[in-house]
Amino acid sequence: MTHEPIELHSWAGGGPVGGDGAGGWIERVNPAWTAEVVGRVSAVDAAGADAAMRAAHGAFGPWAAMAADERRELLLAAADAVAATAGELGPLLARELGKVVADCKGEMGFAAAYMRHAVGAVGRVGATTDIDDAQGRLRVIRRPFGVCVAIVAWNAPLILAILKVAPALATGNTIVVKPSPLAPLAATRALTTIAGLLPPGVLSVVHGDAEVGETLVGHGLVRKVAFTGGGTVAKLVAATAARQVTPVVLELGGNDAAIVLDDTPLTDEMMERFVWGTFLTSGQVCMAAKRLFVHTSRAAEFLDGYLAAAQRVLVVGDPLDPAVTMGPMASAQQKGFVESLVADAVAGGATAHTLGTVADGIDLGTGWYVRPTFVTGTADDAAIVVEEQFGPTVPLLTFDDVDDVVARVNADELGLASSVWSADEDRAFAVAERIEAGFTFVNCHNRAGMSLRAPFGGWKRSGYGREFGDAGVAEYLQSHAIHAPAAMRLGEHAPAEQVGANDYPT
Ligand code: NAD
């Protein structure tokens with residue numbers, strides 16, 4: 001079926017911006033049929049980025065001062081509105097990103113759920129605390145920062161944006177979002193649906209290249225930056241933000257290890273968990289399992305079980321086909337990178353096992369398809385083990401000793417997520433505690449193991465700051481302590497004995 005290309009606009013201060021004569025256009029083709037243009041969105045130039053920041057600045061005071069109940073009602077209505085876009089935007093997202101349509105529709109449902117979660121968490125993390133006791137009177141209030149900037153990756157464009165937009169707005173900040181040029185369309189539609197229900201300037205969405213991103217991050221009015229993407233750009237963002245001491249949340253890549261202990265039941269259902277743990281969204285997920293460490297005594301059984309499970313559940317093809325479970329990759333560059341990792345591993349003596357099936361009638365040459373592969377016979381220092389593949393290939397490694405595997409897992413510079421698999425949950429938790437990562441799943445890996453209430457984020461080079469949980473909402477509040485020490489109180493609170501004005505605090 002042919003579709004007419006759609007045309008959307010960057011949105012700032014309550015109206016469309018960018019495009020002809022002011023930033024140009026970003027065009028997106030369908031990764032499954034690269035001859036098809038899905039649509040284009042207007043980009044902004046430096047002046048447009050500045051206008052969005054000024055609009056957000058102007059909107060901040062009234063938005064922060066709005067009665068909590070009123071702000072809450074607006075955001076809950078916006079959550080309902082974004083959930084209602086799933087039927088229309090799911091297929092659009094599938095066509096611009098190559099992700100299977102059911103998962104794309106799920107993004108809108110998740111966005112609504114996360115908005116409701118963030119609104120609900122404000123009462124817990126934003127509450128004022130008061131103490132009046134023998135040490136004195138202490139009040140700690142929590143206040144929004146002001147104008148926030150969100151810069152996000154493409155693999156879950158609405159989810160990655162909403163993980164910043166929802167907590168920022170729920171706590172009284174305003175925000176300017178820059179989506180990725182690789183998935184600009186559905187995110188723009190969804191975010192402008194939300195923006196249209198809020199006062200102008202509270203939420204803006206601007207598109208552009210690295211220069212626009214730098215303009216936003218380095219803008220004089222920015223008070224907080226949240227970034228999801230790769231380590232190379234993260235360093236630029238952090239360096240730009242540091243020039244004005246702007247706080248930053250960095251959600252970066254992972255090279256997640258899955259540790260499969262010797263007592264893990266390798267049933268058909270469990271093996272399907274491993275397949276989805278690695279290959280959801282064609283492996284293009286930050287917290288996908290990217291290194292599988294299996295106890296040597298179970299390795300042969302694991303390999304057979306994995307190949308069989310993949311044969312049952314992985315169907316490569318057009319993401320709009322409901323029978324398809326794996327679409328193409330999002331870009332020619334990603335495809336080339338993953339294929340080079342597999343070729344390098346094979347040249348080094350490894351074996352690549354092609355996985356799954358191809359949907360009837362699909363010509364994989366029409367798009368950026370990569371057949372999923374499972375790679376055995378690699379060493380820990382092979383590129384396919386050391387690099388974040390971010391695509392449909394994964395290496396199998398073996399271990400004999402838990403101390404040894406924990407050391408090998410922790411040798412990686414990245415520390416986003418991880419998993420431990422065992423019939424004995426206590427044993428799994430004990431091993432999990434030794435892993436240097438911000439999250440460890442037990443007997444699952446990837447999206448199936450996430451929870452709105454569990455804080456998520458990286459250790460080491462995988463970033464800092466948290467999303468999800470109360471911590472992900474607290475990121476958008478700063479504390480302000482108001483303190484009258486007992487020894488300094490006046491009037492009826494005055495201490496019985498005067499103490500030195502510069503004594504150390506207790
Ligand atoms: P990227 O770093 O190339 O781009 C991220 C965003 O930064 C895009 O919007 C891009 O346009 C923008 N950008 C590029 N240069 C910029 C600059 N100089 N200043 C400001 N912004 C700039 O990453 P990507 O390829 O879009 O995403 C893939 C990476 O994201 C992977 O490493 C993946 O693991 C990671 N990721 C992490 C999480 C997480 O929650 N930790 C989630 C999803 C993806």
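Along the sequence shown, residues are numbered consecutively beginning with 1. One-based numbering, in listed order, for ligands and for the atoms of each.
Among Thr281, Ile151, Val149, Leu216, the residue whose heavy atom sits closest to atom 21 (N) of ligand 1 is Ile151. Among Ala153, Gly229, Gly208, the residue whose heavy atom sits closest to atom 35 (C) of ligand 1 is Gly229. In the candidate list Val285, Val233, Ile26, Ile159, Val233 is nearest to atom 14 (C) of ligand 1, counting heavy atoms.
Every atom of ligand 1 is numbered from 1 in the order shown, and the set under 4.0 Å from a heavy atom of Pro179 is 9 (O). Ligand 1 places these atoms under 4.0 Å from at least one heavy atom of Trp154: 24 (P), 25 (O), 26 (O), 27 (O). The Pro181 neighbourhood of ligand 1 comprises atoms 11 (O), with distances under 4.0 Å to a heavy atom of that residue. Residue contact check: Thr228 has heavy atoms under 4.0 Å from atoms 5 (C), 36 (N), 37 (C), 38 (C), 39 (C), 42 (C), 43 (C), 44 (C) of ligand 1. In summary, the atoms of ligand 1 found under 4.0 Å from a heavy atom of Ser180, numbered by their order in the structure, are 9 (O). Listed by atom number, the atoms of ligand 1 under 4.0 Å from Leu252 heavy atoms are 37 (C), 38 (C), 39 (C), 41 (N). Those atoms of ligand 1 that come under 4.0 Å of a heavy atom in Phe227, given as number and element, are 2 (O), 5 (C), 6 (C), 7 (O).
Assignment of Leu416 to the shell around ligand 1 is supported, since a heavy atom sits closer than 4.0 Å.
In this model, no donor atom of one side chain and acceptor atom of the other lie less than 3.5 Å apart for Lys99 and Ser282. No side-chain N or O of His353 forms a donor-acceptor pair with one of Thr373 less than 3.5 Å apart. There is a side-chain donor-acceptor pair under 3.5 Å between Ser419 and Trp421. Under the 3.5 Å distance criterion, with hydrogens and angles disregarded, no donor-acceptor pair is assigned to the side chains of Thr85 and Thr193. In this structure, a donor-acceptor pair under 3.5 Å is present between the side chains of Trp25 and Asp20.
Residue Glu467 does not touch ligand 1, judged by heavy-atom distances below 4.0 Å. Residue Thr240 does not touch ligand 1, judged by heavy-atom distances below 4.0 Å. At a 4.0 Å heavy-atom cut-off, ligand 1 does not touch Leu182 at all. When heavy-atom distances to ligand 1 are checked against a 4.0 Å cut-off, Leu160 comes that close only through its side chain, counted from C-beta outward.
Ring-plane geometry between Phe110 and Tyr114 is classed as parallel, the angle between the planes falling under 30 degrees on a 0 to 90 degree scale with a further cut at 60. The aromatic rings of Phe456 and Phe439 are tilted relative to each other, their planes meeting at an angle between 30° and 60°.
Of the protein's non-hydrogen atoms, Lys178 NZ, 2.8 Å is the one closest to atom 11 (O) of ligand 1. Scanning the protein for heavy atoms near atom 39 (C) of ligand 1, the closest one is Cys286 SG, 3.3 Å. Ranking protein heavy atoms by distance to atom 28 (C) of ligand 1, first place goes to Phe390 CE2, 4.0 Å. Nearest non-hydrogen protein atom to atom 2 (O) of ligand 1 is Gly230 N, 2.8 Å. What sits closest to atom 44 (C) of ligand 1 on the protein, heavy atoms only, is Asn155 OD1, 3.5 Å.
Looking at ligand 1, you'll find an N or O of Val152 within less than 3.5 Å of one of its N or O atoms. For a threshold of 3.5 Å applied to N or O pairs, the pair formed by Glu214 and ligand 1 contains at least one separation below that value. Residue-to-ligand polar distances place Glu388 within reach of ligand 1: an N/O pair is separated by less than 3.5 Å.
At most 12 non-hydrogen atoms from other residues, nucleotides or ligands lie less than 6.0 angstrom from CD of Gln333. Within 6.0 Å of atom NE2 in His57, 12 or fewer heavy atoms from other residues, nucleotides or ligands are found, so the atom counts as exposed in its surroundings.
With Lys178 contributing its side chain and Gly208 its backbone, the two residues share a donor-acceptor pair below 3.5 Å. The backbone N or O of Asn410 sits less than 3.5 Å from a side-chain atom of Lys460, completing a donor-acceptor pair.
We find that Arg116 and Asp80 are joined by a salt bridge, their nearest charged nitrogen and carboxylate oxygen being less than 4.0 Å apart.
Protein heavy atoms all stay at least 4.0 Å away from atom 4 (O) of ligand 1.
Judged by a 6.0 Å distance limit and a 45° cone about the ring axis, Lys224 is positioned over the six-membered ring of Tyr476.
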Inset, instruction - Go through the steps for Glu475 and Arg466 under the test side chain to side chain contact (heavy atoms under 4.5 Å, CB included), then give the verdict. - result: CA-CA 7 Å; Glu475 286 285 357; Arg466 290 293 175 263; 4.2 Å; yes
